K.L.:
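Before I ask anything, let me first share the structure, which is written out below as structure tokens.
Everything quoted here is computed from the prediction, not taken from an experiment. Any value given below was found using the heavy atoms of this structure, including those in side chains, with hydrogens, waters and symmetry copies removed.
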Amino acid sequence: MTEQAQNQAQNQAPDQAPDRIPAGRPFLYVVVCAAGIAAGVDTLVAAARQRGWETGVIATPVAMGGFFDVAAVEALTGRPVRSAWRSPADPRPFPPPDAVAVAPATFNTINKWAAGIADTLALATLCEACGLGVPVAALPCVADALAAHPAYQDSLERLRAMGVRFGDPSTGEPPQDGGRPPFAWERALDLLDTFPGGTRPGPPSGIRHDRPE
């Protein structure tokens with residue numbers, strides 16, 4: 001968890017706690033994939049809240065295995081991080097989204113998403129978002145060797161044709177002096193603001209949280 005996000009969580013006044021966010025704020029789904037830079041996803045969550053978004057995080061199953069601090073992100077959002085489909089008897093964990101940000105978006109997720117494969121909650125959410133007209137922004141994190149694969153380039157082209165807006169790609173490689181590689185987290189929010197209507201794109205949609213048939 002970054003120092004900025006940690007300070008925000010610790011210094012939050014009671015009337016500003018995540019479970020007391022004023023009604024009417026747009027809701028952002030943040031989809032997190034398994035890349036090393038996912039450790040900084042709290043930066044995106046904190047920035048989104050500063051811009052007026054309420055947030056919920058959906059992670060791929062692999063990303064849940066230690067790629068980011070799940071407890072810290074849950075403290076920021078006030079909601080559980082989701083990775084698996086709910087059972088029919090469970091309440092919907094998030095309200096319908098006004099927009100979706102995929103960061104980092106990995107080679108595997110981008111290719112499956114473009115192919116319409118919905119074998120995880122994260123992928124099903126992305127596939128449905130496009131079909132429902134929900135604005136989606138993605139920040140790819142793909143190694144150069146994988147990015148050269150023709151299937152990946154085809155996937156980007158298909159997703160762009162579906163209306164997805166992409167930030168500049170990152171390889172996720174750390175700088176020579178070590179440390180966490182730079183990643184333009186807030187670029188996802190900037191891209192969402194470019195959709196017609198900005199951060200309030202229209203009436204809420206109905207993303208599912210149960211396993212699609």
Side-chain angles (χ1 to χ4, degrees), residues 26-35 37-38 40-41 43-45 47-48 51 53-63 67 82-83 94-144 146-172 183-209 212:
F27 201 94
L28 175 68
Y29 284 9
V30 176
V31 176
V32 186
C33 304
I37 58 172
V41 71
T43 302
L44 174 56
V45 173
R51 296 196 190 190
W53 292 94
E54 188 176 355
T55 55
V57 174
I58 299 172
T60 64
V62 178
F67 280 84
R82 301 292 299 176
S83 180
F94 299 159
D98 292 289
V100 179
V102 196
T106 58
F107 178 83
N108 189 55
T109 290
I110 288 171
N111 286 323
K112 281 189 168 184
W113 179 14
I117 297 172
D119 58 357
T120 66
L121 176 60
L123 281 163
T125 297
L126 296 176
C127 289
E128 288 191 354
C130 290
L132 292 167
V134 177
V136 182
L139 303 182
C141 181
V142 178
D144 289 339
L146 292 174
H149 196 292
Y152 175 70
Q153 298 302 323
D154 290 345
S155 294
L156 292 177
E157 183 176 350
R158 169 174 278 192
L159 291 171
R160 287 192 179 102
M162 291 163 57
V164 178
R165 300 191 181 180
F166 287 91
D168 293 334
S170 170
T171 64
F183 194 67
W185 292 102
E186 292 194 45
R187 178 60 177 154
L189 305 176
D190 296 338
L191 288 168
L192 292 175
D193 283 344
T194 67
F195 282 87
T199 59
R200 300 307 299 268
S205 59
I207 297 290
R208 301 163 54 121
H209 282 274

K.L.:
Minimum heavy-atom separation for A48 to T55, with atom names?
P.N.:
CB-CG2, 3.7 Å

K.L.:
Under the rule for salt bridge (Lys or Arg N to Asp or Glu O under 4.0 Å), what residues qualify as partners of D190, not counting sequence neighbours?
P.N.:
R51

K.L.:
Between I110 and A105, which heavy-atom pair has the shortest distance, and what is it?
P.N.:
CD1-O, 3.8 Å

K.L.:
Return the CG to NE2 distance between N111 and H149, rounded to the nearest 0.5 Å.
P.N.:
8.0 Å

K.L.:
Given 3.5 Å as the limit, does a donor-acceptor pair link the side chain of Q153 with the main chain of A147, or not?
P.N.:
yes

K.L.:
How long is the span from the CG atom in D144 to the OG1 atom in T171, to the nearest 0.5 Å?
P.N.:
5.5 Å

K.L.:
Identify, with sequence neighbours excluded, every residue that meets side chain to side chain contact (heavy atoms under 4.5 Å, CB included) alongside A35.
P.N.:
I37, P104, T106, C141

K.L.:
State the CG-CG distance between L44 and L139, to the nearest 0.5 angstrom.
P.N.:
7.5 Å

K.L.:
Locate the shortest heavy-atom distance separating F183 from A103; write the atom from each residue and the value.
P.N.:
CE2-CB, 4.3 Å

K.L.:
Which atom pair, heavy atoms only, marks the closest approach of V32 to A38?
P.N.:
CG1-CB, 3.8 Å

K.L.:
For side chain to side chain contact (heavy atoms under 4.5 Å, CB included), just list the numbers for C130 and V164, CA-CA rounded to whole Å, side-chain angles, deciding distance to a tenth of an Å, and then say yes or no.
P.N.:
CA-CA 8 Å; C130 290; V164 178; 3.8 Å; yes

K.L.:
Nearest 0.5 Å, please: how far is CH2 in W53 from CZ in F27?
P.N.:
10.5 Å

K.L.:
Which residues pass the side chain to side chain contact (heavy atoms under 4.5 Å, CB included) test with A114, not counting sequence neighbours?
P.N.:
S155, R158, L159

K.L.:
Please report the interatomic distance CG(L189) to CG(L28), rounded to the nearest 0.5 Å.
P.N.:
6.5 Å

K.L.:
Are the side chains of V136 and V102 in contact, using a 4.5 Å heavy-atom criterion?
P.N.:
yes

K.L.:
Identify, with sequence neighbours excluded, every residue that meets ring-ring contact (aromatic ring centres under 6.0 Å, His included) alongside F67.
P.N.:
none

K.L.:
Report yes if the side chains of P140 and F166 come closer than 4.5 Å at any heavy-atom pair, otherwise no.
P.N.:
yes

K.L.:
Any chance you could measure T120, atom OG1, to W113, atom CH2, to the nearest 0.5 Å?
P.N.:
12.0 Å

K.L.:
Restricting to side-chain hydrogen bond (donor to acceptor under 3.5 Å, both in side chains), what partner residues turn up for R187, sequence neighbours left out?
P.N.:
none

K.L.:
Is there a donor-acceptor pair under 3.5 Å between the side chain of R82 and the backbone N or O of A122?
P.N.:
no

K.L.:
Can you find a pair of side-chain heavy atoms, one from T109 and one from L123, that are under 4.5 Å apart?
P.N.:
yes

K.L.:
Scan residues 101-112 for pairs that pass salt bridge (Lys or Arg N to Asp or Glu O under 4.0 Å), counting only residues two or more places apart or in two chains.
P.N.:
K112-D119

K.L.:
Do the side chains of V41 and V57 get nearer than 4.5 Å, heavy atoms only?
P.N.:
no

K.L.:
Compare all side-chain heavy atoms of V30 with those of V100 and state whether any distance is below 4.5 angstrom.
P.N.:
no

K.L.:
Less than 4.5 Å apart, any side-chain heavy atom of V134 and any of Y29?
P.N.:
no

K.L.:
Minimum heavy-atom separation for A137 to A188, with atom names?
P.N.:
CB-O, 3.6 Å

